[in-house]
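Since the structure comes first, as structure tokens, the remarks are kept for the end.
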Amino acid sequence: MAEILVDNKDCVSPSEVASSFAEKVMPKKANYNLLKMFLLAIAAGAFVAFGAHSCLTVMTGTINISWGLAKLIGGIVFSTGLMMVVLTGAELFTGNVLMTFSVLEKKISFQTLIKSWSVVYIGNFVGSIVIAGLVFLTGASHNCNDALGVITLNTAVAKSNLSFLQAFTSGILCNWLVCLAVWMAACSRRIIGKIFAIFFPIMIFVASGYEHCVANMFFIPEGIFTKSINEVVVASNLSQEALANLTWKGFAINNLIPVTLGNIAGVVIFVVLLFWMAYLKKGSKSKF
């Protein structure tokens with residue numbers, strides 16, 4: 001019987017992934033010229049927004065199924081947003097928190113880190129807002145007899161009325177999973193492996209209802225735009241008190257700021273520091 005050769009080259013070891021992030025991938029990203037960085041960030045914001053809008057769409061009209069199952073369906077669809085980001089090389093702020101690996105290994109400076117984060121964060125916001133505006137102009141809020149507009153409004157209102165602690169801790173849990181998806185995708189050299197690696201952690205974060213700052217750059221502005229459609233507001237049965245925080249100020253203070261801080265903390269503590277100490281810190285390096 002002929003010998004069967006097994007290709008074990010697809011799976012990259014965890015220590016190799018950590019080393020690659022710290023020494024190659026993240027320093028390269030941090031040193032992109034600003035225009036390239038900004039354009040790739042706009043693309044990432046748009047891709048996440050596409051996933052977010054599709055999530056709302058598939059959850060519309062799910063009144064006859066369980067709440068949990070509806071969230072699961074939304075999570076399945078939303079995961080395509082990060083797939084597009086990873087497979088096109090777009091720049092996503094939440095994933096770029098992994099750049100702190102390179103700071104710990106002294107491959108980039110803290111100043112370079114902040115510059116990169118700032119450019120990418122703004123670019124993500126631009127891409128998300130562009131999609132939010134275009135989706136609103138299509139009249140999608142009236143789909144399914146205004147039901148899509150109602151779920152858009154309810155989602156944005158819920159996110160705009162979180163306490164700081166709720167938003168912050170939910171942000172921690174969210175980006176812990178998002179960056180595990182990025183990490184796991186880097187473990188595979190094949191596209192199908194990357195897709196499956198991304199799919200499950202993202203599905204978990206959306207189904208669990210955790211908060212992602214870039215996704216919220218679509219969800220809440222889209223809700224603010226939808227708030228201007230009187231028939232959707234009436235159909236939602238939301239009180240004026242509930243709607244009061246659905247403003248640009250409420251978006252920033254009640255959601256974007258605490259969620260962003262939580263997204264950063266979740267990765268720095270539970271991904272970067274954890275794996276840096278396990279795989280990269282002097283005395284812990286190994287090939288496995």
Side-chain angles (χ1 to χ4, degrees), residues 10-12 17 21 25 40-62 65-98 120 124-125 127-128 130-132 135 140 148 151-152 155-156 158-159 170-220 222 259-260 262-263 266-267 270-271:
D10 176 52
C11 188
V12 181
V17 172
F21 278 152
V25 176
L40 290 175
I42 291 174
F47 297 157
V48 171
F50 279 131
H53 182 246
S54 296
C55 174
L56 292 174
T57 299
V58 299
M59 289 175 65
T60 299
T62 56
I65 65 174
S66 73
W67 175 82
L69 183 57
K71 297 283 284 184
L72 174 62
I73 294 169
I76 289 170
V77 173
F78 183 90
S79 65
T80 58
L82 187 63
M83 292 175 194
M84 290 188 284
V85 170
V86 170
L87 296 178
T88 63
E91 291 293 295
L92 185 66
F93 171 78
T94 47
N96 281 5
V97 179
L98 289 168
V120 170
N124 288 168
F125 188 82
S128 300
V130 166
I131 299 302
V135 166
L148 178 55
I151 195 169
T152 299
T155 299
K159 290 176 177 292
S170 188
I172 288 175
L173 294 167
C174 168
N175 212 29
W176 188 349
L177 287 165
V178 169
C179 284
L180 284 180
V182 173
W183 178 288
M184 291 162 59
C187 288
S188 177
R189 294 189 176 98
R190 293 188 172 92
I191 289 179
I192 190 63
K194 292 181 183 295
I195 287 173
F196 271 95
I198 292 167
F199 176 79
F200 291 101
I202 302 305
M203 178 187 67
I204 290 172
F205 115 63
V206 178
S208 300
Y210 301 145
E211 296 291 311
H212 187 273
C213 65
V214 179
N216 289 347
M217 292 174 185
F218 170 84
F219 282 126
I220 300 179
E222 186 68 13
V259 168
T260 300
N263 287 165
V267 177
F270 297 111
V271 180

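Atoms considered below: every heavy atom in the structure, side chains included; atoms not considered: hydrogens, waters and symmetry mates.
A distance of 5.0 Å separates CZ of Phe196 from CD1 of Ile192, quoted to the nearest 0.5 Å. To the nearest 0.5 Å, the span separating CE on Met184 from SG on Cys11 amounts to 10.5 Å. Note that the CG atom of Asn175 and the CZ atom of Phe270 stand 12.5 Å from one another [nearest 0.5 Å]. Summarising the geometry, atom CD1 belonging to Ile202 is positioned 4.5 Å from atom CG belonging to Leu82; distances are rounded to the nearest 0.5 Å.
Closest of all the heavy-atom pairs between Phe219 and Ala156 is O-CB, 3.7 Å. Heavy atoms only, all atoms of each residue included: Ile198 and Ser79 are closest at CG2-O, 4.0 Å. Considering all non-hydrogen atoms of both residues, Val271 and Cys179 come closest at CG2-CB, 4.4 Å. Heavy-atom minimum distance, Phe93 versus Val120: N-CG1, 3.4 Å. Contact record, Gly74 with Val206: C-CG1, 4.0 Å, taken as the closest heavy-atom pair. The minimum heavy-atom distance between Gly45 and Ser128, with the atom names listed, is O-OG, 3.3 Å.
Within the 4.5 Å cutoff, the side chain of Val130 has no heavy atoms near those of the Ile42 side chain. Counting only heavy atoms from C-beta outward, the side chains of Ile76 and Phe199 approach each other to under 4.5 Å. Looking only at side-chain heavy atoms (C-beta outward), Thr80 and Ser54 stay at 4.5 Å or farther from each other. Between Ile73 and Ile65, some side-chain heavy-atom pair lies under the 4.5 Å cut-off.
Between Phe205 and Phe78, the ring-plane angle classifies as perpendicular under the 30° and 60° cut-offs.
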Exercise. Check the pair Phe218 / Val48 against side-chain contact (heavy atoms from CB on, under 4.5 Å), numbers first and verdict last.
Key: CA-CA 8 Å; Phe218 170 84; Val48 171; over 6 Å; no
Quiz prompt | Criterion side-chain contact (heavy atoms from CB on, under 4.5 Å) on Leu92 and Phe47, from CA distance to verdict | solution = CA-CA 10 Å; Leu92 185 66; Phe47 297 157; over 6 Å; no
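A donor-acceptor distance shorter than 3.5 angstrom exists from the side chain of Thr60 to the backbone of Leu56, with no hydrogens or angles considered. With hydrogens and angles ignored, the 3.5 Å screen pairs a side-chain donor or acceptor of Lys194 with a backbone N or O of Ala185. Checking side-chain atoms of Asn263 against main-chain N and O of Cys213 turns up a donor-acceptor pair under 3.5 Å.
Here the rule is side-chain contact (heavy atoms from CB on, under 4.5 Å) with Glu222, and of Thr155, Val135, Ile131 only Val135 fits it. For the side-chain contact (heavy atoms from CB on, under 4.5 Å) with Met83, the lone residue among Ile195, Ile191, Thr88 that qualifies is Ile195.
Listed by chain and residue number, nothing satisfies the ring-ring contact (aromatic ring centres under 6.0 Å, His included) test with Phe50 (two or more places apart in sequence, or in another chain).
Note on residues 198-215: pairs passing side chain to side chain donor-acceptor pair (under 3.5 Å), not counting sequence neighbours, are Thr94-His212, Lys159-Glu211, Glu211-Asn216, Glu211-Asn255.
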